[in-house]
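Worth saying up front: this structure is predicted, and the values here are computed from it rather than measured. Reckoned from all heavy atoms, side chains included, excluding hydrogens, waters and symmetry mates.
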Amino acid sequence: MNQMTIQKPVSKAGNKTQSPASGKTPLRLKEHIVEIISDSGEGAQKCGQSLGSIAAQMGNGIWTTEIIPAEIRPPARSVAGASGNRIRIGSGYITNGGDETDLVVAFNEQVLMGRVRAKELKPGCTILLESMWREHKDRKIVDSYVETHDRLVAAGYKVIEIPMEQVCRTMVADAKRGKNMFALGMLCYIYSLEVKLAIDQIVLAFGKKDQSVVDANIMLLEAGQKWAAANLDFCYTIPATRATEPQIVVNGNTALALGVLGSGMEICAMYPITPATSASHYLSEVFEKVGGMVHQAEDEIAACAFAIGASYAGKCTITITSGPGYSLKQEAIGLAVMGEIPLVVVNVMRGGPSTGQPTKMEQGDLMTAIFGSHGDAPKVVMAPGTIEECFYSIITARKIAETFNMVVVILTDSGLATSQQPFPRPNFSESWMAPPIDQSPVPKGAKPYDWDDTTGLARRFIPGQPGGMHTLTGLAHDRDSHVAYDADINEQTLRFRSLKLAALQKTLKPPTVFGAARGDLLVIGWGSTKGAIEEAVEGVRAEGYGISSLHLQFLQPLPPGIKEIMQGFKKVMTIESNWSDRPEDKIIDENNRRYSSVAILLRSRYLVDIDCWSEVRGQPIKPSTIRRVMLKQLQK
């Protein structure tokens with residue numbers, strides 16, 4: 001996590017200001033997207049994270065997206081092994097990763113081809129390519145490099161060969177462990193960023209190591225900047241205004257972990273799984289300092305059972321996982337529903353089914369979160385749409401879980417989990433915190449499940465309360481918590497557990513429409529698609545199109561007012577990152593088409609003809625793609 005406290009607005013240089021490193025005049029840009037890609041272990045991700053943090057501290061809007069190979073250690077120089085970071089730097093607030101890339105720093109041509117084949121590079125994109133492979137001792141590698149280089153040039157890309165290995169070896173013995181800082185120095189020159197801030201990033205990253213390591217990385221950083229100033233014929237400046245209040249730059253998983261700290265929960269039980277693990281990594285470093293504990297269980301089932309037991313003891317607990325782990329937890333989650341034990345479950349979604357695509361984004365777990373259980377097991381399901389919402393969603397989830405004695409599931413995905421974005425540093429409030437464990441005597445005659453006939457709510461009995469002893473199992477039970485197989489009692493308990501969702505729904509506010517309240521098309525989304533959808537909608541509205549959007553944070557229960565909002569538009573569609581059948585496929589018609597998740601929910605709830613479009617390419621949906629889809633929908 002990086003924290004910035006900035007006192008006053010400061011605008012960066014414009015067209016007439018010369019780069020201090022070279023005397024060249026930087027070209028003024030509104031925004032730019034840059035990628036740093038390498039084999040795993042060469043530090044491209046660290047370089048990209050540092051670049052994003054530096055730009056954010058200078059006042060730019062940023063959004064970083066990690067490029068992660070599916071394998072932990074893929075073969076070197078492999079097309080599928082690209083590892084790195086994608087950074088969108090803008091003059092204003094940035095809400096998503098944007099469209100195609102403008103500039104790439106590539107440590108070899110094979111990882112670069114992976115990005116080309118994924119159609120991630122803008123036509124004419126500038127490519128800074130490590131040149132060492134042109135003189136490699138293996139002739140096959142040389143031929144591959146030359147062929148790829150020539151094909152890229154022929155395709156219109158601006159390819160500039162950079163002797164990173166050669167230059168770095170004059171300063172360090174193992175250039176592979178230093179190229180990333182050389183690349184960072186080049187990028188600081190290219191984007192007119194302060195090298196002092198880059199040095200601060202190096203001290204932050206390597207401060208626990210020997211001073212010689214810090215000094216070597218600073219030397220490589222400065223060498224990269226000097227080389228770029230002397231050899232590149234271009235540089236840019238992206239105007240920015242520094243924030244007037246403290247900001248933090250974190251990814252979605254770190255924001256979740258900070259939310260756990262802010263919520264007052266004291267235990268996180270988990271089992272390592274991509275892409276959720278980094279949340280528990282951060283917690284394990286800081287949680288004990290505030291009286292918390294991270295419990296790494298032997299498997300996903302044990303982690304969920306531990307969390308339920310700890311929560312039953314008095315204070316709501318959280319368990320964090322991803323799709324396959326959530327599937328394993330479901331029987332235990334059913335126990336928490338039956339026992340009405342508060343529990344927060346975070347599912348950082350990834351591509352599925354089965355092992356699927358562990359490092360790729362997808363929104364495929366919504367139906368599982370809502371309906372995935374044997375029997376009727378009502379759960380609250382939320383989905384933050386921004387990194388800032390990841391933080392606050394945890395606090396909200398804890399409050400709901402303890403107020404309604406329910407399981408609350410938070411759905412994020414790798415698109416939020418590994419992306420960084422600055423947002424205002426939260427001002428801590430005592431109201432966020434969990435209350436002290438109630439150990440007051442239970443009123444005489446009170447029952448463990450004395451459900452309210454209107455809301456389904458019942459006072460929670462906590463172990464240790466005088467007069468509150470009772471037996472709890474996963475079996476059907478009556479108000480006294482006695483096992484009960486009576487038909488009437490079973491139906492009554494199902495009714496009360498369901499009523500709690502209705503009671504919560506009555507407290508929710510209608511969602512806010514982005515754009516006008518009436519128009520030709522309403523686009524509905526959820527989760528990490530928020531920024532891209534709203535950017536696309538803002539763009540087409542500026543051109544005069546009657547398109548608005550609605551983003552849902554509560555998915556069970558759905559908030560009030562949705563039907564009334566939809567009635568203000570001629571057409572309604574959802575845009576999601578989960579599968580829906582393509583109407584153009586010959587075999588697909590209205591009788592067999594599978595719709596995307598939220599489209600199914602809304603069509604069944606409101607009996608409105610809602611269309612849908614989805615993309616499941618393992619990467620965030622781009623604003624330009626959404627624009628194309630919306631305009632095509634208007635033409636139908």
Side-chain angles (χ1 to χ4, degrees), residues 33 63 65 86 88 94-101 118-123 349 351 360-364 366 383 385-386 413 415-416 511 513-516 518-552 555 562 565-566 568-586 588-590 593-603 606 608-636:
I33 299 174
W63 186 281
T65 304
R86 186 174 193 268
R88 184 184 184 191
I94 301 294
T95 63
N96 64 92
D99 293 316
E100 289 78 18
T101 300
K119 300 179 181 179
E120 287 293 332
L121 307 189
K122 185 175 291 184
M349 296 178 288
K360 307 300 182 182
M361 78 147 292
E362 195 172 303
Q363 294 180 310
L366 176 57
T386 67
D413 59 57
L416 288 175
V513 176
F514 183 83
R518 306 187 70 83
D520 297 317
L521 175 63
L522 177 69
V523 176
I524 300 178
W526 63 282
S528 65
T529 59
K530 181 177 183 179
I533 289 174
E534 292 186 352
E535 180 174 321
V537 167
E538 185 175 35
V540 296
R541 288 190 62 80
E543 298 173 26
Y545 291 98
I547 302 177
S548 300
S549 65
L550 188 71
H551 217 75
L552 302 178
L555 297 155
I562 294 176
I565 291 171
M566 291 192 295
F569 295 85
K570 297 176 183 177
K571 295 182 178 181
V572 180
M573 71 178 301
T574 68
I575 290 182
E576 306 177 56
S577 288
N578 53 71
W579 181 255
S580 62
D581 287 332
R582 308 295 189 242
E584 57 267 25
D585 287 344
K586 291 182 180 180
I588 298 300
D589 58 35
E590 278 302 310
R593 184 187 179 194
R594 295 175 62 209
Y595 285 78
S596 56
S597 299
V598 165
I600 292 173
L601 292 178
L602 297 178
R603 287 170 68 91
Y606 301 111
V608 174
D609 185 15
I610 298 170
D611 202 353
C612 67
W613 180 89
S614 62
E615 182 179 88
V616 282
R617 299 175 58 84
Q619 58 197 19
I621 305 175
K622 292 179 170 52
S624 61
T625 301
I626 296 172
R627 170 192 164 83
R628 172 177 55 80
V629 169
M630 293 189 301
L631 296 182
K632 184 178 179 180
Q633 184 72 21
L634 283 181
Q635 296 169 2
K636 288 185 178 180

D611 and salt bridge (charged side-chain N to carboxylate O under 4.0 Å, His left out): which partner among K632, K636, K570, K571?
K636

Kindly give the heavy-atom pair with the smallest separation between [X] and [Y], and that separation in Å.
| X | Y | result |
| --- | --- | --- |
| Q363 | S528 | NE2-N, 3.7 Å |
| V598 | E576 | N-OE1, 3.0 Å |
| A536 | I626 | CB-CG2, 3.7 Å |
| S548 | V537 | CA-CG1, 3.9 Å |
| I565 | L550 | CD1-CD1, 3.9 Å |
| Y595 | I610 | CE2-O, 3.6 Å |

Salt bridge (Lys or Arg N to Asp or Glu O under 4.0 Å) involving [X] - partner list, sequence neighbours excluded:
| X | value |
| --- | --- |
| R541 | none |
| K622 | E120 |
| D609 | R603 |

Are more than 12 heavy atoms, taken from residues, nucleotides or ligands other than R518, located less than 6.0 Å from that residue's CZ atom?
no

Other residues, nucleotides and ligands only: do more than 12 of their heavy atoms fall within 6.0 Å of OH on Y545?
no

Among S597, S614, S596, whose side-chain hydrogen bond (donor to acceptor under 3.5 Å, both in side chains) with S580 holds?
S614

About how many Å separate [atom2] of [Y] and [atom1] of [X], when rounded to the nearest 0.5 Å?
| X | Y | atom1 | atom2 | value |
| --- | --- | --- | --- | --- |
| T529 | E615 | OG1 | CD | 11.5 Å |
| I621 | I575 | CD1 | CD1 | 7.0 Å |
| I600 | T574 | CD1 | OG1 | 9.0 Å |
| L552 | K530 | CG | NZ | 10.5 Å |
| W613 | M630 | CH2 | CE | 11.0 Å |
| R593 | D585 | CZ | CG | 10.0 Å |

Side chain to side chain contact (heavy atoms under 4.5 Å, CB included) between V629 and M573: does it pass, once the steps are laid out?
CA-CA 10 Å; V629 169; M573 71 178 301; 3.7 Å; yes

Any side-chain heavy-atom pair from [X] and [Y] closer than 4.5 angstrom?
| X | Y | value |
| --- | --- | --- |
| N578 | L366 | no |
| N96 | R88 | yes |
| I33 | E100 | no |

Using side chain to side chain contact (heavy atoms under 4.5 Å, CB included), reason through I588 and R594 one step at a time and then give a plain yes or no.
CA-CA 9 Å; I588 298 300; R594 295 175 62 209; over 6 Å; no

Can a donor-acceptor pair be found, under 3.5 Å and without considering hydrogens, that links the side chain of H551 to the backbone of G527?
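Judged by distance alone, yes, a pair lies under 3.5 Å.
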
Residue from I562, L521, I524 passing side-chain contact (heavy atoms from CB on, under 4.5 Å) with V572:
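The residue from I562, L521, I524 that satisfies side-chain contact (heavy atoms from CB on, under 4.5 Å) with V572 turns out to be I524.
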
Start with the C-alpha gap between E362 and W579, add the side-chain angles, then the distance that decides, and say whether side chain to side chain contact (heavy atoms under 4.5 Å, CB included) holds.
CA-CA 9 Å; E362 195 172 303; W579 181 255; over 6 Å; no

